[in-house]
Amino acid sequence: MEVKIEDGFLIVKLPLQEPAPSSTGKTLVVASTHGNVLTTATVGGKLVTVGCNAYIKAEKPGAVK
């Protein structure tokens, strides 16, 4: 994961992964920090922690495409 602050924006760069089922199986995770991660980015002199998940809906079995 790459994190930077640029022009007043927190920019988080996560590598995409092959869609993998979430713990509930309702979604397919395509990018994740896998929990909260302390970064080197700072706001007000304090380190920023990021927790992020990107996902798509899992298709229901038997659904018509």
Rounded to the nearest 0.5 angstrom, the CG-SG distance for N36 and C52 is 10.5 Å
Quick one: do L47 and V37 end up in the same hydrophobic cluster if we chain Ile, Leu, Val, Met, Phe, Trp and Tyr together by side-chain heavy atoms under 4.5 Å apart?
no
So the salt bridge (Lys or Arg N to Asp or Glu O under 4.0 Å) pairs with at least one residue in residues 5-29 (sequence neighbours excluded) are K4-E6
Taking every heavy atom of A58 against every heavy atom of G25, the minimum-distance pair comes out as CB-O, 3.7 Å
**Request:** Ignoring hydrogens and angles, tell me if any N or O in the side chain of T39 forms a donor-acceptor pair with the backbone of V48 under 3.5 Å.
**Result:** yes
Smallest heavy-atom separation, V3 atom then L10 atom, equals CG1-CD1, 3.4 Å
In this structure, CD1 of I11 is separated from CD1 of I5 (nearest 0.5 Å) by 9.5 Å
Exercise. Under 4.5 Å between any side-chain heavy atoms of L28 and P21, yes or no?
Worked result: yes
Nearest heavy-atom approach of V29 to Q17 is O-NE2, 3.3 Å
